[in-house]
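Values reported hereafter were calculated over all heavy atoms of this structure, with side chains retained and with hydrogens, waters and symmetry mates removed. Since the structure is predicted, the reported quantities are computational estimates derived from the model, not experimental observations. Labels below follow one simple rule: chain letters A, B, ... track the order of the sequence lines, proteins then strands, and each chain is numbered from 1.
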Number of protein chains: 2
Amino acid sequence: MTTASSKSRRERPSKPALSREWIVAETIKIVRDEGLEKATMRRVAQALDTGPASLYVYIANTTELHAAVLDELIGTVDLDRGSIPWRRRLDDVLAGYGSLLFAYPGLARSALVAYPHGPNAIRLYDLVLGLLLEAGTEADRAAWGVDLLLGYVTAIAAEHSEPVTDLDITAGREIDALFNALRSADAATAPHVAAHADALVSGTGGERVRWAIDVLLRGITATPIPPEVSDGR
Amino acid sequence: MTTASSKSRRERPSKPALSREWIVAETIKIVRDEGLEKATMRRVAQALDTGPASLYVYIANTTELHAAVLDELIGTVDLDRGSIPWRRRLDDVLAGYGSLLFAYPGLARSALVAYPHGPNAIRLYDLVLGLLLEAGTEADRAAWGVDLLLGYVTAIAAEHSEPVTDLDITAGREIDALFNALRSADAATAPHVAAHADALVSGTGGERVRWAIDVLLRGITATPIPPEVSDGR
DNA sequence: ACCTGAACACCGTTCAAGT
DNA sequence: ACCTGAACACCGTTCAAGT
């Protein structure tokens with residue numbers, strides 16, 4: 001017998017054959033434990049006990065690898081509990097997607113550059129679109145609105161999360177730097193900012209996000225799309 | 001006389017003393033000609049005829065360098081022509097900022113992660129806030145709305161621009177990949193997407209941006225902020 | 001006191017050469 | 001036919017050692 005299990009050389013617990021699925025699974029483990037910035041081709045190859053060149057047989061480049069990881073993780077978040085009001089379910093879905101991106105800021109950043117479009121991302125799209133339709137939103141507006149809602153959540157996660165510069169606690173969030181600048185704005189060059197500094201920096205992140213989603217929903221349902229739009233690209 | 005001009009060794013047209021300003025100016029030249037991805041510490045140092053270590057005397061790290069470049073470029077875009085209606089001026093300002101970020105996608109991406117907060121960014125904030133107030137928007141909503149409008153423009157520029165992978169024309173925009181995925185969605189797993197695929201992919205980028213700004217403005221003016229928000233963090 | 005050469009610790013990607 | 005060692009062409013950042 002020469003099955004894998006009977007082999008005596010077992011340097012690693014087991015070294016399965018390379019495959020796209022296996023590479024992605026191993027990458028997720030690294031992302032979870034050490035952050036996206038550590039999930040490099042070289043690092044993943046090392047974890048899989050091979051050289052980086054081998055990964056290129058299954059994955060075109062680093063961007064594609066990260067996109068595959070994000071789609072896989074989106075699959076774990078799709079929480080759709082029926083029978084509660086649409087608005088509540090929408091908040092839950094956006095919050096779920098948001099916490100995922102908040103937990104992995106690097107993925108939020110990559111989602112902003114490379115639109116998620118794997119099977120799980122499409123399901124998320126479908127879920128949000130369905131809820132907007134359930135709310136009675138006119139179909140064209142709902143269709144364009146999905147992008148706005150998901151894009152907002154992505155952007156806020158990319159912005160408000162820490163840069164994760166290893167252990168540099170002193171760094172602080174970038175938004176604090178902006179708030180400080182707004183607070184100390186010069187009344188001569190920035191009169192409006194100076195006059196409304198308190199309002200500009202007020203509110204917690206959560207309060208602002210809730211308000212922004214209100215703003216988007218109200219705007220989406222109330223704003224007609226132009227009568228003649230070029231269709232399909 | 002030993003003034004700089006009388007020196008005979010003049011390997012370069014002139015090699016002024018290093019300074020933060022000079023480093024930023026040289027970096028802008030590289031960004032303009034070759035894109036942000038080429039504006040590395042090493043590359044900038046090379047252009048300034050020195051080693052990378054020397055830059056660290058004036059600039060803390062690459063992120064700070066790129067932020068300084070963005071603020072400098074924002075300074076060139078602040079077009080405020082008075083005497084035309086506020087909405088027109090707002091569109092112009094957002095379009096101006098948007099084209100800047102569209103022209104330098106790398107900067108749009110870095111603006112999403114590191115909030116611009118230099119003097120010129122604050123002036124831009126002030127301009128947009130002033131226009132919202134001029135429109136009669138309640139001050140608290142206007143203050144929170146500025147973030148939303150500028151953030152949207154930044155996100156759209158980061159998303160819709162090409163990855164600029166040197167000369168790889170085949171790459172195509174990421175949004176096309178999403179549109180293809182939406183168009184070929186399976187009616188079984190994504191019924192709403194399948195039913196409204198046309199609407200999901202309709203419209204040009206410009207049409208969608210105009211609609212989105214309408215959505216945001218309508219939402220911002222109509223949505224009250226919560227009565228009690230924690231102030232100033 | 002100020003500046004920087006050289007090193008440290010990494011990257012992504014390709015391709016010639018092996019099995 | 002499939003896989004990969006080794007190389008190419010880069011990075012950011014630090015610090016010991018020079019002037």
With rounding to the nearest 0.5 angstrom, report the OG1 to CG distance, A/T27 to A/L48.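 Reported to 0.5 Å precision, the distance equals 7.0 Å.
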Partner lookup for D/dG18, please. Criteria are Watson-Crick or G-U wobble with both distances under 3.5 angstrom; report none if nothing qualifies.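 Across any shown strand, D/dG18 pairs with C/dC2.
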D/dC11 pairs with which nucleotide, Watson-Crick or G-U wobble, both distances below 3.5 Å?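 Base-paired to nothing in any strand shown.
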Nucleotide nearest A/P52 (side chain, heavy atoms from C-beta), chosen from C/dT13, D/dG12, D/dC15: C/dT13
From the options D/dC11, D/dG5, C/dC11, select the nucleotide whose nearest atom is closest to the side chain of A/T40. C/dC11
Integer-rounded Å distance: [N] [atom2] and [X] [atom1]:
X: B/E37; N: C/dC11; atom1: CD; atom2: C1'; result: 16 Å
X: B/M41; N: C/dG5; atom1: CE; atom2: P; result: 15 Å
X: A/N61; N: C/dC11; atom1: CG; atom2: C1'; result: 14 Å
X: A/L65; N: C/dG12; atom1: CG; atom2: P; result: 9 Å
X: B/Y58; N: C/dC2; atom1: OH; atom2: P; result: 10 Å
X: A/Y56; N: D/dA6; atom1: OH; atom2: P; result: 18 Å
X: B/I59; N: D/dT14; atom1: CD1; atom2: P; result: 14 Å
X: A/R42; N: C/dG12; atom1: CZ; atom2: C1'; result: 7 Å

Can a side chain N or O of B/T62 be found less than 4.0 Å away from OP1 or OP2 on D/dT13? yes
Are any of A/S54's side-chain N or O atoms less than 4.0 Å away from OP1 or OP2 of D/dC3? no
Taking only the P atom of each, what is the distance from D/dC8 to C/dA9 in whole angstrom? 22 Å
Donor-acceptor contact present, side-chain [X] to main-chain [Y], <3.5 Å:
X: B/H66; Y: B/A39; value: yes
X: B/R123; Y: B/G118; value: no
X: B/R109; Y: B/Y104; value: no

Between A/E26 and A/K29, does any side-chain N to carboxylate O distance fall below 4.0 Å?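 Salt bridge flag = yes for A/K29 with A/E26.
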